[in-house]
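Not measured: the values here are computed from a predicted model. Here is the naming used below: chain letters follow the sequence lines, and residue numbers restart at 1 for every chain.
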Amino acid sequence: MNSPDSAGCPNGEDLASKLERSLADILEKSAFVFSERLQLEDFQPANDVYLRAEIRFTGPHSGSLVLAAPRSFSPQLAANMLGEEIEGITPEQAEDAVKELLNVICGEFLETLRGARAVYSLSIPVLTTLTADEVSALAQAPGSVVFNADDTPAVINVTMGS
Amino acid sequence: MSYNILVVDDSMTARLFISKALKLGGADIGKIIQAKDGKEALAILEKEWIDLVFADINMPEMNGIEMVQRMNTSGLLQSIPVAIISTERSETRIEELKTAGVRVFLHKPVTPEMLKKVVDTLLNPGVSRESVEELGA
């Protein structure tokens, strides 16, 4: 087990475990999607453009969370979050759902990190896209957790600063 | 009596979900109006009769804290109850918000039952302070 750093923040696998639990909890509660963590060698990006949502946080620790999921998965995510049929979901709603999901995951993750007394400020989530090669690079980056969300390969990454 | 609700969040997903959950929850809801930030919310509050505001904290243009502070400086708006729905988990910040006049604090994700309880409790004139505090748990 990794020891905490000087500011009391877990690192390495302990950090990844906390991120994985927050991800699984919020995916299930908000979108009724079940996730399963994958080993890196079992991760194969989907044949699709990935949406990359990023949110930054400042407080006792500063850093960012990145969530990357295939664009084709986002309408299902939005439909589940809104309780609507997938056919009625607009591209704008689908993209917004990915950002909102990351926003909620970040709130949960930061509480598990430092407890309920710590004060963090969160940025507004920003959305860009990634190619399959960029997704593979993200999956291998330090702080990444690769997982299947209802059989869809996705990545979440935490980068911790000071 | 039906209540008019203002839902303030920069996330379209959050606004749509909260609006739908309010209807599903079974509270006596009249009109639900949406705003994407505090600035837009204040403009609506100046024009529309609103009984209760559900607002996020972290929004561009004007965040939820500044919106509540502006409402507190207005004779007409300061009596409208505000419930915060946010990813914010800090007890320290929640205490600050309650000091500023926020009546209830809910963590995302919320459920229709939680929202109905907030509507029923905050808009019932006989509600006790204790029962309002319980909703924020």
Near Glu41(A) CD, under 6.0 Å, is it more than 12 heavy atoms from other residues, nucleotides or ligands?
yes
Joint hydrophobic cluster, Leu110(A) plus Leu101(A), side-chain heavy atoms closer than 4.5 Å:
yes
Would you mind checking which part of Ala78(A) comes under 4.5 Å of any heavy atom in chain B, side chain (CB onward), backbone (N, CA, C, O), both or neither?
neither
Atom group of Ser121(A) that falls short of 4.5 Å from chain B, counting heavy atoms:
both
Hey, could you give me the CD/NZ distance between Glu100(A) and Lys108(B), rounded to the nearest 0.5 Å?
3.5 Å
For Val119(A), the side chain to side chain contact (heavy atoms under 4.5 Å, CB included) test, sequence neighbours excluded, returns Ser90(B), Thr92(B), Arg93(B)
Just checking heavy atoms, which of residues 52-69 of chain B are less than 4.5 Å from chain A?
Asn58(B), Met59(B), Pro60(B)
Asp42(A) atom CG: more than 12 heavy-atom contacts under 6.0 Å
yes
Need one label for Ile105(A): side chain, backbone, both or neither, based on atoms under 4.5 Å from any heavy atom in chain B.
neither
Indicate, with yes or no, if Val158(A) and Ile26(A) share a hydrophobic cluster defined by side-chain heavy-atom contacts under 4.5 Å among Ile, Leu, Val, Met, Phe, Trp and Tyr.
yes
Tell me every residue that passes salt bridge (Lys or Arg N to Asp or Glu O under 4.0 Å) with Glu95(B), counting only those two or more places apart in sequence or in another chain.
Arg117(A)
Does Met160(A) belong to the same Ile/Leu/Val/Met/Phe/Trp/Tyr cluster as Ile55(A), with side-chain heavy atoms less than 4.5 Å apart forming each link?
yes
With the 4.5 Å side-chain cut-off for hydrophobic clustering, are Leu122(A) and Leu15(A) part of the same group?
yes
Taking Val155(A) as the starting point, is it possible to reach Leu23(A) by hopping between hydrophobic residues whose side chains are less than 4.5 Å apart?
no
Among residues 6-35 of chain B, which ones touch chain A with a heavy-atom distance under 4.5 Å?
Asp10(B), Ser11(B), Met12(B), Thr13(B), Ala14(B), Leu16(B), Phe17(B), Lys20(B)
pair Val104(A)-Pro109(B): side-chain heavy atoms closer than 4.5 Å:
yes
Within 6.0 Å of CZ in Arg56(A), more than 12 heavy atoms from elsewhere
no
For the atom pair CD (Glu88(B)) and CD (Glu111(A)), what is the distance rounded to the nearest 0.5 Å?
10.0 Å
